Every structure is written in C-alpha cells, then in structure tokens.
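See structure below.
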Amino acid sequence: MDILPILSTLRRHKITALLLVLEIALTCAIVCNAVFLINQRLERMQMVSGVAEHELIQVQAFGIGDTADAKAHAQEDLTALRQIPGVTSVALVNQVPFTNSSWNTSVKLDPKQKQATLNATQYFGENLLKTFGAQLVAGRDFEPGEYLEMRLVARDEKLAKKITTVIITRGLGEKLWPGQSALGKTIYLGGDPVRVVGVVAGLIRPALFGGDDTAQWSMVFPLRMDSDNASRYVIRTAPQERDRVLAAAVATLRKTDPHRIILEKKTLDDIRAEFFQDDRAMAGLLAGVCIALLVVTALGIVGLGSFWVAQRRRTIGVRRALGATRRNILTYFQTENFLLATIGIALGMVLAYGINLFLMLHYELPRLPAYYFPVGAIALWLIGQMAVLGPAIRAAAVPPVVATRSV
C-alpha cells in the first residue's frame, strides 16, 4: 500500500496523531522499565538460600531473668527437642536466613591491610551445617574439639582471638580468591589468622547486607551458643511434619522453662515469604501499572480509530465507490495505526533508555537489557493492531452508497 495518502491524512490531524504518539511513547518507556523492575524483584525472590528451607522451623524464645547455668539450660532444651518424634536435627544459632538483622564482620587477606577486603556474615552454632542442610563441597565440618563457648569468647575484646578455623561459602571463596580453591587458605579477623577448613555450596546472608551481589558472603564459626547469648532454636524435620513438630517444640520449650516467652514460631518458608513481602507487593503494583497503561493505550487507539472512522465515512464511501475493497480499507487503517505506533515506540525506546540511566545513577539498578526493546516494540505493535481492528472492520463495512448520500 502507498503510504503517501496516509501521511497526507495524518498531516491534517497533527494534534490528534501527536497525542496518540506520545501516549504510545510513554507507555513503551514506562512498561519496559516496569517489566525490568518486576523481573528484578522476581529473581530476588527466587534466590537460592543454600539451606533445606522446606524442612526447617524456627522457635525464638526469651527467658525472664538471669539463667543460673545458661549452658546446661541450652543443652537441656536441645536434648528435649531432639526427642520429639520426626526431628532429625536441632541447633541453637545466632541467626537464620531471611531476617532483617545480621551479625557481620570485616575480612582481610593480609593483617597489614588498612581497609578490609570485604564484609561477611557470621553464623554461630553447634551442628549448624547439618541442621541447615548446607552442602559441603570441599573440606570438612568442625570437629568437636574445635568448638568454643560463645560466653567465654565474648569476654575477650577480640571476638576471633581464639577462633582458628572457619567454614565459608563458595561464593565468598570465589570473591576472595578468584579461580583458586579456598580450602586451606587463611583470612584475618581483627588481625588474627583463621584457616578455612570447609566450603559449602551456599548459605545466604540473613538481611542481604550489602546488596544482592553479596548475598552468599557468609562464614560459619565453631562457637557453641547457650540460652543467654542465643534464642533461635532451628529444627529440621520432614516437610509434612513441620506443623506438628512446631507445636510440639513450643510445648517442649515451655515445659523445660515455664517462665519462658516464645517470641516467634514459624517455618522457614513463612519467614522467607515475610522477608520478600515488600518485593512481592512492588512487583504486583508495577504489574498493575503496566496493565493499566496498556489498557489505557489500547482504549486510546480504539477511541481515536472510531473517531476517525466517523469523520471519514464520506471519504471511505468515495473510495469504495471508486473500487476500493473492504480489505483495502482495513489495510489502510491498520497501516495508519502501525505508522503511529512505530513513531511512538521509537520515541518510547529513547525515553526508556533515559529512565533506565536515571535509575542506574540514583538507585544503582543494572542496565536495561537490550532485548527488552524489541520485545516491548512487538508487544505494543500487536496491542495496537488488535485495538484498531474493531474500528477498521467498521470502516471496511461502510458501503459505497454512503458517497452518494453525502453529496
């Protein structure tokens, strides 16, 4: 089809055509970046934790007053919890994944460094790897003789002074020693050397301190917790047994100490769902914005198409009388809309790139991948063609006799 008549018609309706082009451009720019942000949130929500999430429950308890023998009290709790039918492993730990606070420390590769190499999370707790289900990919777990009492170590000004071994994640090892095995390497905490004796596939940082890129920078230290310096009991059981075991664990802890306050009792799945609820809400909100913009744009195309059909009935009738077929009329309106959509999409891509640069500069978001542009263009072209189809079909149905009635 010759597009010159179409361009001539559009020049006579500059303001209307410009408004539609701007609407399509804004929709393209906003939707491309919104979909990108939605994918970012969904990827964040699906990040691998490195633990047996569907098998873990947590009971957080707090005792009232000073405990005469916190170590014995903790051992009594752990022994009682292990006796619950269905429990495969129990640990008293300082923190669990997907919480809004975490224990972190600076890591150096040379004791003479003035600035730390990076900051990583510290996990403490006897039997932690087995209970969490963290998979060792190199080295070994801690030996019984390596464990230190957290209560005694904490009395020293330097927490790591007596600690000589550590287990780290594979992600942390790759960051510290790219292309090398971390096993047997030495890191320095507060100037004191600590040797890597094991490497786990993954163990996510609780609060994702430092951003998603540092999510797997975690370390496990051989520190035995007691009821005065830890309150998180993590229990591993079969997924179908979690609710029953959780209720039994709460009852057991209350039995060992009737004055105890149970602060929290949840499965790790529930903890994860709560941790990412803001990301889920943002993804839903952005999805709603995208749908609303696409619907408004489609309605704008339908409205404009219907308006132009009503205005051009005489012109359409004349063309029909001169031999134009219904297919010719249908193609005319679809081509006209395609041209407007193409101009709007081209402008929208420039705006989308500009918005992404702004987000990169002020919110440290990654660059918008190039494939979003063709995908967005195809989507808007399809929506535009479907939206104009109804008015175009009505235009094609205008009979030639309209030309004579309008004379």
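The structure presented is a predicted model; accordingly, all values stated were derived computationally and were not measured.
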Q) Which distance, rounded to the nearest 0.5 Å, do you find between the OG1 of T186 and the CG of L109? A) 10.0 Å
Q | Over 12 foreign heavy atoms within 6.0 Å of CZ, R367 | A | no
(Q) With side-chain contact (heavy atoms from CB on, under 4.5 Å) as the criterion, how do L294 and T27 come out once you've worked through the C-alpha distance, each side chain's angles and the decisive distance to 0.1 Å? (A) CA-CA 7 Å; L294 293 174; T27 299; 3.8 Å; yes
Q. When rounded to the nearest 0.5 angstrom, what distance separates CE in M225 from OG in S231?
A. 9.0 Å
Q | Any side-chain heavy-atom pair of D257 and L253 under 4.5 Å | A | no
Q) Would you say the ring centroid of F276 lies under 6.0 angstrom from that of F98? A) yes
Q) What pair of heavy atoms forms the shortest contact from R244 to P85, and how long is it? A) NH2-O, 2.7 Å
Q.
Between T325 and N328, does the side chain to side chain donor-acceptor pair (under 3.5 Å) criterion hold? Intermediate values first, please.
A. CA-CA 5 Å; T325 64; N328 294 141; 2.9 Å; yes
Q: Find out whether the Lys NZ or Arg CZ of R319 is both under 6.0 angstrom from the six-membered ring centre of Y332 and within 45° of the ring's axis.
A: yes
Q. Given T88 and E55, is the side-chain contact (heavy atoms from CB on, under 4.5 Å) satisfied, shown in steps?
A. CA-CA 10 Å; T88 58; E55 302 176 22; 5.5 Å; no
Q) With F338, which residues qualify under ring-ring contact (aromatic ring centres under 6.0 Å, His included), at least two apart? A) W381
Q) F307: what forms a ring-ring contact (aromatic ring centres under 6.0 Å, His included) with it, not counting sequence neighbours? A) none
Q. Can you name the nearest heavy-atom pair linking L203 to T169, along with the distance?
A. N-CG2, 3.5 Å
Q: Identify the heavy atoms of L304 and L20 that sit nearest to each other, and give their distance.
A: CD2-CD2, 3.3 Å
**Q.** Residue pair L347 / L22, side-chain heavy-atom distance below 4.5 Å
**A.** yes
(Q) Return the CG to CG distance between L340 and L18, rounded to the nearest 0.5 Å. (A) 10.0 Å
Q: Taking Q334 for its side chain and A392 for its backbone only, find out whether a donor-acceptor pair lies under 3.5 Å.
A: no
Q. If you round to the nearest 0.5 Å, how far is CG of L81 from CD1 of I235?
A. 4.5 Å
Q: Indicate yes or no: at least one non-hydrogen side-chain atom of L118 is less than 4.5 angstrom from one of L176.
A: yes
Q: Would you check, one step at a time, whether the test side-chain contact (heavy atoms from CB on, under 4.5 Å) holds for R394 with R313?
A: CA-CA 10 Å; R394 289 196 296 273; R313 285 181 64 83; over 6 Å; no
Q | Short side-chain to backbone donor-acceptor contact, E241 and A238, under 3.5 Å | A | no
Q. Does any N or O in the side chain of N94 come within less than 3.5 Å of the main-chain N or O of Q122, such that one atom is a donor and the other an acceptor?
A. yes
Q) With no hydrogens and no angle check, is any side-chain donor or acceptor of N39 less than 3.5 Å from a backbone partner on F36? A) no
Q. Short question: side chain of R242, backbone of H54 - any donor-acceptor pair under 3.5 Å?
A. yes
Q) E146 side chain to T164 main-chain N or O, any donor-acceptor pair under 3.5 Å? A) no
Q: Indicate the atoms forming the closest heavy-atom contact of I329 with A324, along with that distance.
A: CD1-CB, 4.3 Å
Q: List the steps and the verdict of salt bridge (Lys or Arg N to Asp or Glu O under 4.0 Å) for E76 and R260.
A: CA-CA 14 Å; E76 180 184 0; R260 191 195 311 263; over 6 Å; no
Q. Does the N33 side chain pair with the main chain of A352, one donor and one acceptor, at a distance under 3.5 Å?
A. yes
Q. Which value, rounded to the nearest 0.5 Å, describes the distance between Q60 atom CD and K265 atom NZ?
A. 13.5 Å
Q) If every non-hydrogen atom of N104 is compared with every non-hydrogen atom of R205, which pair is closest and at what distance? A) OD1-NH2, 2.8 Å
Q: May I ask you to decide if V388's main-chain N or O and N337's side chain share a donor-acceptor pair within less than 3.5 Å?
A: no
Q. Looking at D270, N100, T99, which hits side chain to side chain contact (heavy atoms under 4.5 Å, CB included) with F275?
A. N100
Q. With a 4.5 Å heavy-atom cut-off, do L136 and V199 have their side chains touching?
A. no
Q.
Donor-acceptor pair, distance only, cut-off 3.5 Å: does the side chain of S218 make one with the backbone of T121?
A. no
(Q) Looking at every heavy atom in both V196 and W177, which two are closest together, and how far apart are they? (A) CG2-CH2, 4.2 Å
Q | Neighbour count above 12 (heavy atom, 6.0 Å) for K108 NZ | A | yes
(Q) If you count heavy atoms of other groups shown closer than 6.0 angstrom to CE of M360, is the number above 12? (A) yes
(Q) What I'd like to find out is whether the side chain of Y363 reaches to under 4.5 Å of the side chain of F358, using heavy atoms alone. (A) yes
Q: With the side chain counted from C-beta on, respond yes when E53 and P97 share a heavy-atom pair under 4.5 Å apart, and no when they do not.
A: no
**Q.** 4.5 Å side-chain heavy-atom contact, Q113 and Y188
**A.** no
(Q) Given 3.5 Å as the limit, does a donor-acceptor pair link the side chain of R232 with the main chain of A91, or not? (A) no
Q) Atom CG of L286 and atom CD1 of I38: how far apart are they, to the nearest 0.5 Å? A) 5.0 Å
Q.
My understanding is that only one of T237, T252, V250 makes a side chain to side chain contact (heavy atoms under 4.5 Å, CB included) with V245; could you say which?
A. T237
Q | Heavy-atom check, side chain of L368 versus side chain of F373, under 4.5 Å | A | yes
Q: List the steps and the verdict of side-chain contact (heavy atoms from CB on, under 4.5 Å) for D212 and E43.
A: CA-CA 10 Å; D212 295 352; E43 289 177 4; over 6 Å; no
